[in-house]
Structure formats: C-alpha cells, structure tokens
Amino acid sequence: MLAAEPAKPVKKEPAPKRGRPAKPAAEKAPAKRGRPAAKPASGTAKTAAGNGKKSRAARKTPVRIIPLGGLHEVGKNITVYECGQDAFLVDCGMGFPDADMLGVDLVIPDFTYLEKNADKIRGIVITHGHEDHIGSIPYLLRKINVPIYGTKLAIGLIEGKLKEHGLLGKADLRVITPKQTVKMGCMSVEFIRVNHSIPDSVGVAIHTPAGVIVYTGDFKVDFSPIEGDIIDLARFAELGSKGVLCLLSDSTNAERPGSTMSESKVGQSFNTLFNRAEGKRIIVATFSSNIHRIQQIADNAMKYGRKVAVSGRSMINVVGKAMELGYLKVPDGLFIDIDAINRYPADKIVLITTGSQGEPLSALSRMASSDHRKVSVTPNDFIIISATPIPGNEKHVTRVVNDLLKLGAEVIYEKMYEVHVSGHACQDELKLILSLTKPKFFIPVHGEYKHLVAHAHLAQSVGIPPSNILIGDIGQVIQVDNVEMKVIGNVEAGGVFVDGLGVGDVGSIVIRDRKRLAQDGLIIIVATIEKETGACMAGPDIVSRGFVYVRESEELMEEARLLVKKALDQCLDSGIRDWTTMKNSIKDALSSFIYRKTKRSPMILPIMMEI
C-alpha cells in the first residue's frame, strides 16, 4: 500500500457572511415554509441575489455532482464529482436486494457512465468500511483501475474483498488519515474525522474552483466514543466561517428527533445483561462491521471470566482484520476457535454471531432452525440481538426470535434493553452540521425519499432558502457554481443485479419470469411433429410444475391436452408450418382456458420436436 502524498489545498475565494441572504427591496416576500420547495420547478436553485435577475458576480468554473446511487434508497452509495476534465468518486457501495428481486444476491451501481469517462477519473475516495460504501469496488476495478484512498481500516477491509475476487495484486490502495488532503486534478479532497458505527470514518471537504463542497459521509456526534476522537466539529465550523458552497449530508435518521445515543451506552447495557445471564451461555448477534460493539462485548466477557468465539463468515473476516490492524484490543487467549467451545462450561462462553437481521443463511438463523453444524441452542442459552431491524426485515427477525424461544432460549431483542444505538445522526445533530457549515446550497443524501424531504425541512428550519435546496435522484447531473445550482441533464444509472457469478445477466425480464414462476407455476407442452406434413405424431403431453397436482386434476389436464391438440390441428389445416406461430397459437389457446378455469396465469412453455 502506498501512502497518499499530501497536496496543498486549492486557494479559496473569501465568502460573504453566511446566513439567510437579504432580499433586495424589489423582490417579493419569501415563500411559505410549510413545505420544502426542495425541487424548484425550473430545476434550478439560485441565491437570493441571483433569483430572477442576472447576477453581478463573475461565474466560476462549475462543478458537476452526479449521484449514481444512495438517493431514494438505503445503500449503494456512490457519487461522481466532475470539474473540467477531472473527476473522482466518493464511495462505491452495494445494496441488498428487495424481497421481489427473487434469487438476486446483491445489487451494484450501473457503471456505464464511469466506463465511458474512465480517462477523467483520478481516483476513488472511501469514507468508511461498510458494505454500502465499499461493496462494489471489486466489480468496478474489473472495468476501471484507479487509485483508492481510504483510512487504514477501510483499506484493510477492501484488501480482504479484493483478495477474494483475485484483484488485490493490481489494486492501487493508498492509506490516508484525517486532516490529510489529496489532489484530484483541478480539485482536492480533505479528509475530516467523523463518528460512526465503524472506526476510522471520515467526511470530506472538496476544494474546487467553484468553492468548497462538504460531504459528511455517514456520521453521528458521539462525545464519548469507544475508540478515537470525537467528530472534528471545529473543522466543519472553520470551513463554514470561510464559506461552504454546498453541503451533502447523511439523511438516514432525519425523521428522528433529538440526538443519537453514544455507543458507550450499549456497554452499560451489556454489563447488566451479562450479570443477569449468570450460569448460561451468552450468544450475541450484531453487525459484523460494528467493531465498537464487538469491543464492548469482549470487554464484558473478560470482566465476567468468559471466553469469546465468533461465528459467521463476515464476522470472522472483520474480527480477524480488526485485530490485525489494532482496532480490536483484546488480551491473548480471550478469543477461541468455535470448535473449542465445547471444551469449556457453557457459562464461560460468549458467542458473537451474524444474523441480527434474520438473514435466512446467517449463523443465528441456522441456529434457530437447528441447522448450525457447531452450535445447538438450548434452554441454557441467553441470546442478545444487538441491532434494530432494518425496514423490511422485521418479519425475518420475528421469525428467528420465535424459533429461538421455541427452543427454550431466553432472547433479548429490539427495545427490551438498550442493546443497540444507531450510527447515524438524528435531527439535532443534522441541524448542528447545517448551522456550523452554513452552506449556500444543500443536497440531502443517503436515504429514501421521505428521509430526504425530512432533511430538507430541517435545512429550512436553520435558514437555508427552499430555492437553494435540491432533492436529487440517481443519474441526475447537478451543476453548481458560485451563483446557482441546477440539474442540467441525466446519465445512465440504476442497479445491476449480481446472481451467483453472473453480473448483469439477470434483468427485469428474468425477474418477471421468476415472479411468475413463483406465483403461478409452469406448464410444459411437449409435441412431436412430422417434418413433411406438420402432423402431430406424438403427444401433446403436458407437464405441470408448481401449477396443480396432476393426480388430483386429471380432468383439467386432459381438457388442456385436447385443447392443445385442437390448436395444432388448426395450424395444420391452415397450412401453418412456422414453429413460432404454432407455439403462440398453443400459448394463446391454453392460457385463456387455464385462466377461465383456475384464475391463474402459469408460464406456458411449448416444446416442439420435429422428425
């Protein structure tokens, strides 16, 4: 790994005092504040002085901000920053499939625009090591190989991913530290420490010819962090006093009032629960990337004289890398291999596992279904699910909790104790960053549309005019200079499905077919046709899969067979020998009959063999 060479920050123009711009006397009164005009009808956000009039200020070289993910969704974060002929990326994350993306393993951004502009891209800047910020890097590096900048832990986790994909040898990984600045062509990127649920997280200040753009990354304000310093609020304030052109800020918790609790609060809850679990084996399910949480579990295990084992592939990988890099500080001998847990009394073991979201193939889910090869849950287990269900995962988590309770275990989950805190800022912290940076323009990022709208409301509450707030969408090209912010076009963007080893070979048509197969099943018609005459020599035979149980629906299947035979005879009488036409005739006749009889629409697949 190469250390990034520091570069001098780009000289910035002095900015006027921040706050709400004064309206000229000739202008109308400001718009009502009830609903954020976050997306002006014209697609343009302007300063008050330039709203509706030609600005007196000389325009500076504009910057284009192009989000390719992370808007109107949670995850898949990736944004392009362009100025002139220079561009760089901030983050390159993956998303998890929705329930209707049947069989899909993960979702990555569409890299089409990046491939077309590969000669412009100077590097990739990583804010932290979560999958929704680094998960797509191996897929991008297969197409574009550029330097990757990140903190030590983020680079360490990226190394592990690239090694799995066989790409580590050709990757250019560069470790940076907070307060360091690296050049990206005519722009430069300054790294600013923030607090999050994973160590070594940073935000960035992008120094451009048009002004300073601040991107918070995922963050919260934690005044008693488990590891490292608190968020560098002083630097955010300093940038604000000098003039911030545009702020892009994490919107994940924009609907939640107050402030996010400190991670240290969870440690206090663990202490109480470990004491309560006397005489029982403790199993804790949490996010594998939450090293702060794992550290607190290990600290309490040591306090109560217990050994720690880990289960789950991602948990083993992250714990190993965190210990190697010194982010997980534990004494020798505290961690043991999971194969050795039976050598110790149950009340001397803490097992840390994946599966806090009820993922079907996770370690905790396999324990709950009695399908784990090395761990069997018994009434002597005390299980803590140290996470809040991500929206959409509630049913999965409830199923796992129910199955664990049926096995006799005691389960602590959700709000029963304070065993989880978010890594994202709530409303008071979001308003604090807005107030410190005092941006001219604001773009809420990271979240579903409702989160972005809530964040836009917060921005208005601290004095940012609605006309200077823009709720973007993936693929939009947002141009900003010292006078205005506006959408000037769109680029190709969206999600690409990864299914097994296939990348992009599963699209909307395949997903549609999978849904239809899952909902109504499949009917296969097999017939043998005489080549010269077109007469049906054998069949038609009908095979049903996932539609009806044939032995209990013989009358229906016989009617269907006769209908197909009739459709083939009609083709023969009409002189039709084209197989495509014959197959369509069969499908049209049979689908109408099946729907009339059953109100179902199975997939119909005719197979014609010629002799």
Closest heavy-atom pair and its distance - [X], [Y]:
X	Y	answer
Thr216	Asp250	OG1-N, 3.2 Å
Val125	Met184	CG2-CE, 3.7 Å
Thr181	Ser188	CG2-CB, 3.8 Å
Ile231	Asn195	N-OD1, 2.9 Å
Phe191	Val202	CD2-CG2, 3.9 Å
Cys426	Pro257	CB-O, 3.9 Å

Non-neighbouring partners of [X] that pass ring pair (Phe, Tyr, Trp, His ring centres under 6.0 Å), sequence neighbours left out:
X	result
Phe442	His455
His133	His128, His446
Phe88	Tyr81

Interatomic spacing from [atom1] in [X] to [atom2] in [Y] - rounded to 0.5 Å:
X	Y	atom1	atom2	value
Glu492	Tyr113	CD	OH	12.0 Å
Met94	Ile78	CE	CD1	13.5 Å
Leu430	Leu434	CG	CG	7.0 Å
Ile158	Ile137	CD1	CD1	3.5 Å

- Sole residue of Arg235, Lys183, Lys179 in salt bridge (charged side-chain N to carboxylate O under 4.0 Å, His left out) with Glu190: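 Of the listed residues Arg235, Lys183, Lys179, the salt bridge (charged side-chain N to carboxylate O under 4.0 Å, His left out) partner of Glu190 is Arg235.
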Determine whether [X] and [Y] make a side-chain contact, defined as any pair of heavy atoms from C-beta on separated by less than 4.5 Å.
X	Y	answer
Tyr215	Thr127	yes
Val74	Asp132	no
Pro439	Val214	no
Ile213	Leu248	yes
Val175	Leu173	no
Ile478	Met485	yes
His292	Pro199	yes
Met187	Arg122	no

- Query: Going through the checks in order, is the side chain to side chain contact (heavy atoms under 4.5 Å, CB included) test met by Ser601 and Gln519?
  - Reply: CA-CA 9 Å; Ser601 300; Gln519 292 168 356; over 6 Å; no
- Item | Residue pair Asp172, Ile148: steps toward the side chain to side chain contact (heavy atoms under 4.5 Å, CB included) verdict | CA-CA 6 Å; Asp172 183 2; Ile148 300 174; over 6 Å; no
- From CA spacing to verdict: salt bridge (charged side-chain N to carboxylate O under 4.0 Å, His left out), Glu164, Lys161: CA-CA 5 Å; Glu164 288 182 7; Lys161 298 184 72 65; 5.9 Å; no
Test your reading of the model: is there a side-chain donor-acceptor pair from [X] to the backbone of [Y], 3.5 Å cut-off?
X	Y	answer
Glu115	Lys143	no
Ser461	Leu458	yes
Lys321	Leu153	no
Ser251	Val445	yes
Asn145	Lys170	yes
Asp200	Ala154	no
Thr79	Ile66	no
Asn468	Lys440	yes
Lys220	Ser422	yes
Thr260	His424	yes

- Should we say atom CZ of Arg313 is surrounded by more than 12 heavy atoms from elsewhere, each under 6.0 Å from it?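 Counting neighbours around CZ of Arg313, 12 or fewer heavy atoms of other residues, nucleotides or ligands fall under 6.0 Å, so no.
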- Take His451 and Thr252, measure what side chain to side chain contact (heavy atoms under 4.5 Å, CB included) needs, and give me the verdict at the end. CA-CA 6 Å; His451 302 136; Thr252 308; 5.7 Å; no
- Message: Any carboxylate oxygen within less than 4.0 angstrom of a Lys/Arg side-chain nitrogen, looking at Lys163 and Glu159?
- Response: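 No, this pair does not count.
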- Message: Quick one, Ile443 with Val480, criterion side chain to side chain contact (heavy atoms under 4.5 Å, CB included). Give me CA distance, side-chain angles, the key distance, then yes/no.
- Response: CA-CA 11 Å; Ile443 304 173; Val480 60; over 6 Å; no
